Amino acid sequence: MSIKMAKLQKSIDKRNALIKATIELVNNNGFHATPMSKIAKMANVSPATIYLYFENKQDLVNQTYIEVKTEYTKYAFATYEQSMSVEAGFKLIWNRIADFKLKECEHAMFLAQCDNSPMIDEDSRNEGIKHLQPLLDLWARGKAEGIIKPLSDYLLYAYAINPLSFLMITQKRGAFKLDKTHLEEAYQSAWSSIKVCE
């Protein structure tokens, strides 16, 4: 590896360490109780190093949010094809989201914190929503075909996707263990909450 490549890799590693530390500290302490000094210490870099990559704490949290949201949606839609029926497409996406939230618990918890608090600015939040476009397009098709209830996408997300965050946090606390039967029941509840009743 050339010296230039080694320097570049070291730079990427430092930025990744800062992102990882931000996720962990925000999950454990909340946004306001996570000073830049703690993030730098956990990432094993000097506080001044943070400002080589991020303008300020808000920028660090916004960029972390976008990166995690990108990773989450990339996983959610990896095997989805637009040619699928609305129900088959939704089931596949829902199960991929559930899988991500249970396997990548720290990342999913960070997203849940960001989505349920004012710590992310509006531009970053809108950027995050763009990453959900395949699901929004599927719902639009479902509404047009009379399969999905003609509700706001926010309501559809609240009924069908948000309960997964609650289940994930409950499992993490050790209060409830999600097995295959529970997941299937959760999916059926999600689907019946947004589909038009026959």
Side-chain angles (χ1 to χ4, degrees), residues 1-78 93 96-135 154 157-158 161-178:
M1 191 188 286
S2 70
I3 292 170
K4 194 177 178 184
M5 283 298 287
K7 275 188 173 177
L8 179 66
Q9 189 55 52
K10 197 173 178 185
S11 179
I12 291 167
D13 291 346
K14 278 183 184 177
R15 190 179 182 282
N16 289 343
L18 287 165
I19 297 274
K20 189 173 185 286
T22 302
I23 292 166
E24 195 171 325
L25 288 165
V26 168
N27 280 350
N28 293 327
N29 308 324
F31 177 68
H32 296 294
T34 301
M36 294 289 251
S37 56
K38 264 191 183 174
I39 294 170
K41 190 176 180 184
M42 181 174 262
N44 212 11
V45 300
S46 75
T49 303
I50 296 179
Y51 298 98
L52 296 174
Y53 305 97
F54 308 100
E55 287 174 35
N56 50 37
K57 184 176 163 185
Q58 185 67 58
D59 184 43
L60 168 57
V61 173
N62 285 339
Q63 285 197 44
T64 302
Y65 172 73
I66 302 268
E67 279 193 28
V68 176
K69 194 83 166 183
T70 304
E71 178 196 337
Y72 158 63
T73 50
K74 197 173 167 186
Y75 187 88
F77 304 126
I93 292 167
R96 297 281 298 176
I97 289 172
D99 200 40
F100 179 89
K101 285 181 182 282
L102 296 171
K103 279 184 182 165
E104 300 292 339
C105 202
E106 294 306 312
H107 286 186
M109 273 184 73
F110 178 76
L111 287 179
Q113 286 225 45
C114 293
D115 289 337
N116 296 313
S117 82
M119 67 187 193
I120 300 299
D121 69 25
E122 211 48 43
D123 287 346
S124 301
R125 208 175 282 282
N126 289 334
E127 180 68 28
I129 289 170
K130 278 186 207 162
H131 289 285
L132 288 168
Q133 204 56 52
L135 178 60
Y154 288 102
Y157 200 88
I161 310 296
N162 260 5
L164 279 168
S165 293
F166 171 78
L167 292 172
M168 170 202 68
I169 290 163
T170 310
Q171 176 165 285
K172 190 167 168 52
R173 278 200 336 254
F176 181 65
K177 179 80 180 98
L178 275 168

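The structure presented is a predicted model; accordingly, all values stated were derived computationally and were not measured. In what follows, every heavy atom counts, from backbone to side chain, and hydrogens, waters and symmetry copies are set aside.
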Return the CD1 to CD distance between I169 and Q113, rounded to the nearest 0.5 Å. 8.0 Å
NZ of K57: more than 12 outside heavy atoms within 6.0 angstrom? yes
Charged N to carboxylate O below 4.0 Å: is that the case for E71 and K74? no
Intermediate values then yes/no, side-chain contact (heavy atoms from CB on, under 4.5 Å), L60 and M36: CA-CA 9 Å; L60 168 57; M36 294 289 251; 4.0 Å; yes
Verdict with supporting geometry, D115 and Y65, side-chain hydrogen bond (donor to acceptor under 3.5 Å, both in side chains): CA-CA 9 Å; D115 289 337; Y65 172 73; 3.1 Å; yes
Determine the minimum heavy-atom distance between I66 and G128, stating which atoms define it. CD1-N, 4.4 Å
Atom CG of N16 with >12 non-hydrogen neighbours under 6.0 angstrom: yes
Take S11 and Y53 through the test side-chain contact (heavy atoms from CB on, under 4.5 Å) and record every step on the way to the result. CA-CA 9 Å; S11 179; Y53 305 97; 3.3 Å; yes
For D121, is there any backbone N or O sitting under 3.5 Å from a side-chain donor or acceptor partner on N62? yes
For N27 and E106, which I'm curious about, is there any donor-acceptor pair between the side chains at under 3.5 Å? yes
For the atom pair CZ (R125) and CD1 (I129), what is the distance rounded to the nearest 0.5 Å? 8.0 Å
Backbone of I19 reached by a side-chain donor or acceptor of E24 within 3.5 Å: no
L132 and Y72: which non-hydrogen atoms are nearest, and at how many Å? CD2-CE2, 4.4 Å
In R96, K101, K103, the residue satisfying side chain to side chain donor-acceptor pair (under 3.5 Å) with D99 is K103
Atom pair OG/CE of S124 and M119 - distance to nearest 0.5 Å: 11.5 Å
Please round to the nearest 0.5 Å and tell me the distance separating atom CD of E104 and atom OH of Y75. 8.5 Å
M168 CE to S165 OG distance, which is reported to the nearest 0.5 Å: 5.0 Å
Other residues, nucleotides, ligands: >12 heavy atoms within 6.0 Å of F166 CZ: no
Between D59 and Y51, does any side-chain donor sit less than 3.5 Å from a side-chain acceptor? no
Approximate separation, where rounding is to 0.5 Å, of N44 CG and L18 CG: 10.5 Å
Quick check: closest heavy atoms across P163 and A158, and the distance to 0.1 Å? CD-O, 3.3 Å
H131 vs F77, side-chain contact (heavy atoms from CB on, under 4.5 Å): CA-CA, chis, key distance, verdict: CA-CA 10 Å; H131 289 285; F77 304 126; over 6 Å; no
Run the side-chain contact (heavy atoms from CB on, under 4.5 Å) test on T34 and T22 for me, step by step, so that the C-alpha distance in whole Å, both residues' side-chain angles and the decisive distance to 0.1 Å come before the verdict. CA-CA 8 Å; T34 301; T22 302; 5.8 Å; no
